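Position 1 is the first residue of the sequence; numbering continues from there. Quick caveat: nothing in here was measured; it's all calculated off a predicted structure.
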Amino acid sequence: HGEAVSLGMICASKMSEIIFKEKNIIEIHKNILDIFNLPISMKKIDSNFKDIKKIRKLINKDKKRTSKASRFIVISNVGKGEIIEENDKNLIEEAISEIF
């Protein structure tokens, strides 16, 4: 579970950089997670989930999903998180691509 959370943080960091045009969010998260020897890419994970579209479809089944959209915690500024609801498949897949 911790590995999935770590990878999810990287994806959310990518989404944050895209949405808010904020720089270095991914790099900051990768550095922190690496200190704790947590994965920052799928290369370190033995998993069958190697397909971006498959992962996106699984996100649609997540318990945090509302009837309208998937919820994500993103960073609008270092130290400031926000909960957003997002359905843009391209944005979600681009965020997921950061871990491949």
Side-chain angles (χ1 to χ4, degrees):
H1 180 259
E3 292 174 336
V5 171
S6 178
L7 294 171
M9 290 172 67
I10 299 299
C11 295
S13 298
K14 175 70 173 186
M15 191 177 286
S16 299
E17 286 192 2
I18 295 167
I19 293 170
F20 298 108
K21 312 291 190 244
E22 190 68 27
K23 303 292 182 210
N24 300 320
I25 302 273
I26 297 168
E27 183 180 342
I28 290 167
H29 278 84
K30 284 182 176 181
N31 289 338
I32 292 169
L33 294 168
D34 198 45
I35 288 169
F36 293 98
N37 201 31
L38 290 165
I40 56 175
S41 77
M42 290 296 285
K43 294 174 188 145
K44 294 184 177 183
I45 301 294
D46 182 25
S47 173
N48 294 328
F49 300 109
K50 302 276 185 183
D51 181 83
I52 293 170
K53 290 186 188 311
K54 186 175 184 179
I55 293 172
R56 183 191 39 82
K57 288 178 183 176
L58 289 170
I59 289 171
N60 288 337
K61 297 178 182 181
D62 188 78
K63 66 184 175 190
K64 294 178 290 300
R65 182 169 173 80
T66 67
S67 60
K68 299 177 198 174
S70 294
R71 286 189 202 159
F72 299 94
I73 299 171
V74 293
I75 299 164
S76 58
N77 227 315
V78 173
K80 185 169 191 267
E82 293 185 23
I83 299 171
I84 63 166
E85 291 187 356
E86 187 60 62
N87 272 328
D88 184 335
K89 293 176 185 176
N90 293 325
L91 173 62
I92 294 168
E93 288 179 10
E94 187 174 348
I96 295 168
S97 73
E98 184 63 32
I99 61 172
F100 283 90

Going by side-chain contact (heavy atoms from CB on, under 4.5 Å), name the residues that satisfy it together with [X], two or more places apart in sequence or in a different chain.
| X | result |
| --- | --- |
| D88 | E86, N90, L91 |
| K68 | T66, E85 |
| N87 | R65, A69 |

#### Entry: salt bridge (Lys or Arg N to Asp or Glu O under 4.0 Å) partners for K53, two or more places apart
E93
Rounded to the nearest 0.5 Å, what separation is found between the [atom1] atom of [X] and the [atom2] atom of [Y]?
| X | Y | atom1 | atom2 | answer |
| --- | --- | --- | --- | --- |
| E3 | L38 | CD | CG | 8.0 Å |
| I40 | L33 | CD1 | CG | 7.5 Å |
| M9 | I25 | CE | CD1 | 11.0 Å |
| N77 | E82 | CG | CD | 9.5 Å |

#### Entry: Working for side chain to side chain contact (heavy atoms under 4.5 Å, CB included), residues S70 and D62
CA-CA 8 Å; S70 294; D62 188 78; over 6 Å; no
### Fellow cluster residues of I83, listed by chain then number, with links counted only when side-chain atoms sit under 4.5 Å apart
I73
### Task
Tell me, with the steps shown, if M15 and I92 meet side chain to side chain contact (heavy atoms under 4.5 Å, CB included).
CA-CA 7 Å; M15 191 177 286; I92 294 168; 4.0 Å; yes
### Message
Please tell me whether I26 and I75 are part of a single hydrophobic cluster in this structure, the criterion being side-chain heavy atoms less than 4.5 Å apart.
### Response
no
## Note on the structure
In terms of heavy-atom contacts, C11 and A95 come closest through O-CB, 3.4 Å
### Minimal non-hydrogen separation, P39 against L7, with atom names
O-CD2, 3.9 Å
### Task
Find out whether I55 and F100 are in side-chain contact, i.e. whether some heavy atom of one side chain is under 4.5 Å from a heavy atom of the other.
yes
#### Entry: Sequence neighbours excluded, every pair satisfying side chain to side chain donor-acceptor pair (under 3.5 Å) that has a member inside residues 9-28
S13-H29
